[in-house]
Amino acid sequence: MSHPIIFDTDPGVDDAQAIAIALRHPEIELLGLTTTYGNVDIETATHNALLLSELASRDIPVAQGAAGPMVKPRHPAPAHIHGANGLGNIELPDVRGKKDLRSAAQFIVDTVNERPGEITLVAVGPVGNLAAALQLDPGLTEKVKRVVIMGGSIREGGNVTPVAEANMFNDPHAAQRVLTAGWPLVLVGLDVTHRCVLTQEHMQRIEAGQGELGKILAGSYAFYRDFYREFLGIDGCCPHDSCALAWLLRPELFTTAPGHLSVVTDGIAEGQTLFAPEGRGFIQERWSQTPLAEVCLEVDGEAVVEWIADTLS
Ligand code: RIB
Ligand code: CA
């Protein structure tokens with residue numbers, strides 16, 4: 001079965017790994033890359049998306065999107081994690097391709113309306129482009145097949161604050177809009193991505209299998225791995241964004257639960273994702289009033305990283 005997807009991304013080292021999967025996997029029909037600020041500024045995100053598809057010899061539309069959050073001021077890009085160029089500060093070849101003339105949000109709306117009921121939106125950065133697309137066409141909620149989001153944390157705690165995951169924290173107002181829109185949504189958060197560790201051995205297989213693209217993936221991985229080693233004591237890296245595609249193609253590796261999501265937009269817990277399991281009573285009903293979504297709670301992490309390495313080797 002082929003999955004037509006639009007991949008919304010802020011590349012980003014782990015985004016680049018996921019983009020490579022989206023470009024290469026035979027069961028993915030990649031209709032476009034839409035870019036957002038997040039790991040890098042928006043121009044760099046678009047440059048990297050164009051570059052990665054060129055290195056895979058694919059001509060994929062790249063539509064540029066949000067340059068900052070909907071409401072809050074923008075946080076500085078995490079250059080210590082992804083490098084100032086988003087790809088571990090390695091030297092990058094020139095890009096020849098040009099971005100699509102439409103905004104990311106318009107591209108999403110146009111593409112979904114051409115194939116109602118068929119397209120999955122996979123978003124692995126701050127979700128402002130999806131919020132803007134909903135603003136342009138509220139009927140999108142009925143026209144997408146599914147929305148898969150790498151972001152949030154149910155029981156795991158945060159990675160940029162004690163409670164907030166980076167993609168939610170970067171634009172909590174957009175996240176609140178998108179996670180409560182009532183479309184068929186799956187949240188692939190830190191509860192599962194932190195159980196997956198892509199090792200140097202995996203990356204050696206990927207480098208050997210991916211030609212010029214493999215050199216970029218391996219070079220940027222080395223920088224990203226240094227961050228994981230120094231700050232988290234992990235020998236390898238969490239391939240957060242690839243986990244969203246792993247869920248799409250290998251859902252049997254994940255355990256999910258239905259419930260109601262909300263995102264804290266202000267205060268000390270801003271960016272936190274709140275999850276009220278379906279059917280569970282609380283002192284008030286306000287946490288259970290948003291539409292139902294699915295969240296990932298457990299995963300076979302070893303099988304996911306094997307799947308990533310197999311896909312790219
Ligand atoms: O928290 C992990 C997410 O934040 C990933 O999408 C990664 O690319 C970073 O931006
Ligand atoms: Ca990302």
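In this chain, numbering begins with 1 at the start of the sequence shown. Indexing begins at 1, ligand by ligand and atom by atom, following the structure's order.
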All ring-ring contact (aromatic ring centres under 6.0 Å, His included) counterparts of Phe223, not counting sequence neighbours: none
Glu29/Arg115 ion pair, N-O < 4.0 Å: yes
Which residues share a side-chain hydrogen bond (donor to acceptor under 3.5 Å, both in side chains) with Lys72, sequence neighbours left out: His75, Glu270
Enclosure of Gln200 CD (heavy-atom neighbours >12, cutoff 6.0 Å): yes
Salt-bridge criterion met for Arg250 and Glu27 (N-O under 4.0 Å): no
For ligand 1, the residues whose heavy atoms come within less than 4.0 Å (ordered by chain, then number): Asp10, Asp14, Asp15, Asn39, Val124, Met150, Asn159, Glu165, Ala166, Asn167, His240, Asp241
Distance-minimising heavy-atom pair for Val263 and Gln176: N-OE1, 2.7 Å
Lys/Arg-Asp/Glu bridge criterion (N-O < 4.0 Å) met for Arg205, Glu306: yes
Atom pair OG1/CD of Thr111 and Gln106 - distance to nearest 0.5 Å: 9.5 Å
Residues Asp8 and Thr34: side-chain donor-acceptor under 3.5 angstrom: yes
Count, waters excluded, of protein N, O or S atoms under 3.0 Å from the Ca ion (ligand 2): 5
